[in-house]
Amino acid sequence: MLCVNNVTKKYGKVVANNSVSFEIADGEIAVLLGPNGAGKSTIIKCICGLLRFEGEITLAGFNNKSLDAKRLLGYVPEMPAVYDLLTVREHLEFMLRSYKLEDDGTADRLLERFELLDKRDKLGKELSKGMQQKLSICCALVHKPSVIIFDEPMVGLDPHAIKQLKEIFVELRNSGASVLISTHMLDSVESYWDKAYIMKNGEFCAEKSSQDTDGKSLEDLFFELTESGEKS
């Protein structure tokens, strides 16, 4: 479970997140939506322990900056950050060693799903942006985290990789993981989400469950709530 409680993040006098609170239970997929500058990436970086903030964030009851919490977390950043001089295979070996895990075959299975197995000896700097994104996803999943954060994960992916990622979303939920997806590609998550948190100006302007949409699509809800100025 991921719990965010009254998190506020300021950059000088600018309030990027204003007392943000939400929960994602085990076996739930939540989507984080909002226009550019709404504060989505800031709250994600707070969750991942990359920014200082006021408030409290816990993963399975552990403070998000603790080693116990970090062992549970998988993070796919908006911009893939790979090591120029590590091969594809070495990236996954590095992740496994960081978590003091032995490879049980998961690394190669992920590479195969994302059509990177034949690229495993290529250096990070030799990969296209799309391949770097696929490698970033593999690195986030190889240690089998129970809380996974995806920040615009489908940008740059080819149709095969998008299909695989959608299947992985469902597999993660079925395995009991807590999944948070931040995306502008609303149609890509239309069939998978359990909760939707819509941000505007550093706050939530709406919190919806997939059972409480009055028959409206995620896209309809998004534009209705972000353009009307109402809270729900």
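Computed from a prediction, not measured in an experiment: that's the story for all the values here.
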May I ask you to test the [X]-[Y] pair for a side-chain heavy-atom distance under 4.5 Å?
X	Y	result
N17	M199	yes
L180	I47	yes
L165	F150	yes
L127	K122	yes
R173	D194	yes
K40	H184	yes
V76	Q133	yes
L72	P145	no

Discussion item. Using a strict threshold of under 4.0 Å (side-chain N to carboxylate O), is an ion pair present between K45 and D151?
Written reply: no
Worksheet entry | Contacts of type side-chain hydrogen bond (donor to acceptor under 3.5 Å, both in side chains), residue E171, not counting sequence neighbours | R113
Path from [X] to [Y] over hydrophobic side-chain contacts below 4.5 Å:
X	Y	result
F22	M1	no
L157	V155	no
L51	Y75	no

Worksheet item: Considering residues, nucleotides and ligands other than K10, do more than 12 of their heavy atoms fall under 6.0 Å from its NZ?
Response: no
Worksheet entry | Whether T183 side chain and E152 backbone form a donor-acceptor pair below 3.5 Å | no
Fill in: Test item: N18 side-chain N/O and E203 main-chain N/O as donor-acceptor pair under 3.5 Å
no
Which residues pass the side chain to side chain contact (heavy atoms under 4.5 Å, CB included) test with [X], not counting sequence neighbours?
X	value
S209	Q211, D212
E54	T8
E112	L117

Practice prompt. Could you point out which residue of L141, I137, L135, V142 forms a side chain to side chain contact (heavy atoms under 4.5 Å, CB included) with C139?
Written response: L135
Worksheet, complete the sentence: Applying ring pair (Phe, Tyr, Trp, His ring centres under 6.0 Å) to F53 and not counting sequence neighbours gives none
Can you list, pair by pair, the side-chain donor-acceptor contacts under 3.5 Å of residues 81-99, counting residues two or more places apart and other chains?
{"unit_1": "T87", "atom_1": "OG1", "unit_2": "E90", "atom_2": "N", "d": "3.0"}
{"unit_1": "T87", "atom_1": "OG1", "unit_2": "E90", "atom_2": "OE1", "d": "3.4"}
{"unit_1": "R89", "atom_1": "NH1", "unit_2": "D103", "atom_2": "OD2", "d": "3.4"}
{"unit_1": "R89", "atom_1": "NH1", "unit_2": "D108", "atom_2": "OD1", "d": "3.0"}
{"unit_1": "R89", "atom_1": "NH2", "unit_2": "D103", "atom_2": "OD2", "d": "2.7"}
{"unit_1": "E90", "atom_1": "OE1", "unit_2": "T87", "atom_2": "N", "d": "2.9"}
{"unit_1": "H91", "atom_1": "ND1", "unit_2": "T87", "atom_2": "O", "d": "2.8"}
{"unit_1": "H91", "atom_1": "NE2", "unit_2": "Y83", "atom_2": "N", "d": "2.8"}
{"unit_1": "S98", "atom_1": "OG", "unit_2": "F94", "atom_2": "O", "d": "2.8"}

